[in-house]
Amino acid sequence: MLEVRKLNKSFGALNVTKDVSLTLAKGERRVVLGPNGAGKTTLFNLVAGTLSPDSGEILVDGAPVTSFTADKRARLGMSRSYQKNNLFEDLTIRENLTLAAMIAQGRTRSLIRPQHAAPEVVECVDRVAAQVSLDRILDKPVRGASYGDRRRLEIGLALATRPKILLLDEPTSGVGPDMIEAFPRLLNDLPRDLTMLIIEHDFDLGFDIADRVTVLNYGEVVFEGDPDQTRASPVVKEIYLGDWEDGPA
Ligand SMILES: Nc1ncnc2c1ncn2[C@@H]1O[C@H](COP(=O)(O)OP(=O)(O)O)[C@@H](O)[C@H]1O
Ligand SMILES: [Mg+2]
């Protein structure tokens, strides 16, 4: 479904992504773990298409997308959550989701009148709102929403495009314990055929939500396995003993 082959990326002399390869099966939830500076966000941006690799390939369903823009990848069903900046603060949560669904469904002519959304758009918004537990505050403006609810909305905006592949970069960073606790359940309730690549910093949360884990250190894949294998790995323990503050106890 999603394949990354020998990706390399440098910023000047700094080699941030080194021969990274990953293969995700359809419906797989892959978590990429690693300490700060390991190159997780860079990998995420390479996959999403906001950065171009120096070498290597990215394939979706066997077809190369490496030269495609982020928009073109999105049209092929790859959707990423954005952090901040893309929420319309003065609009309600419903209106934000409606706009995302309208754009994804190509119904841009009704953008100026989101209250006249097509039934397919309304259905999509209701479904997504329930999936990310925002149905309780759908008609409240984004301004004033808690940090956790903003993160739910960011995931909701990605889901409103009806993706095949969902990319999340540290979806719970900065949120309170309520959202951290609710997050694995939120993911569990999403369709099982949705493939996910999730960048995480928190070890325990990563293990909770992953089918498979990839561990990055200094830009390299140093381990890949299921959560139990990862927890038990001496290589992973050693990295943790270095500077991974919330790694495996
Ligand atoms: N645009 C950039 N220019 C120069 N260096 C960068 C850039 N983006 C990231 N880096 C460097 O690449 C390394 C990996 O960063 P990043 O991918 O953000 O790691 P992580 O998300 O795992 O914390 C860091 O040393 C960071 O300073
Ligand atoms: Mg990062």
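Just follow the structure's listing: the first ligand is 1, and inside any ligand the first atom is 1.
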Donor-acceptor pairs under 3.5 angstrom involving side-chain atoms of residues 1-11: please list them, not counting sequence neighbours.
unit_1 : atom_1 : unit_2 : atom_2 : d
Glu3   : OE2    : Arg5   : NE     : 2.9
Asn8   : OD1    : Asp19  : N      : 3.0
Asn8   : ND2    : Lys6   : O      : 3.4
Asn8   : ND2    : Asp19  : OD1    : 3.0
Asn8   : ND2    : Ser55  : OG     : 3.3
Lys9   : NZ     : Ser52  : O      : 2.8
Ser10  : OG     : Asn15  : ND2    : 2.9

Near the Mg ion (ligand 2), meaning under 2.8 Å, the protein N/O/S atoms are Thr41 OG1

* Go through the steps to decide whether Thr92 and Asp139 satisfy the test side-chain hydrogen bond (donor to acceptor under 3.5 Å, both in side chains), and finish with yes or no. => CA-CA 5 Å; Thr92 64; Asp139 292 308; 4.6 Å; no

dist Ser146:OG -> Arg152:CZ (nearest 0.5 Å) comes out at 7.5 Å

For the side chain of [X] and the backbone of [Y], is there at least one donor-acceptor N/O pair under 3.5 Å apart?
X	Y	value
Arg80	Asn45	no
Gln229	Asp226	yes
Glu200	Asp202	yes

Residue shell for ligand 1, any heavy atom closer than 4.0 Å, reads Phe11, Leu14, Val16, Pro35, Asn36, Gly37, Ala38, Gly39, Lys40, Thr41, Thr42

Counting only pairs under 3.5 Å, give me each side-chain donor-acceptor contact of residues 185-193, with atom names and distances, residues two or more places apart or in other chains.
unit_1 : atom_1 : unit_2 : atom_2 : d
Arg192 : NH2    : Gly27  : O      : 3.2
Arg192 : NH2    : Asp211 : OD2    : 3.0

- Message: Taking CD in Glu123 as the centre, count heavy atoms belonging to other residues, nucleotides or ligands within less than 6.0 Å. Is the count above 12?
- Response: yes

**Asked** Shared ILVMFWY cluster between Leu167 and Leu59, side chains joined below 4.5 angstrom?
**Response** no

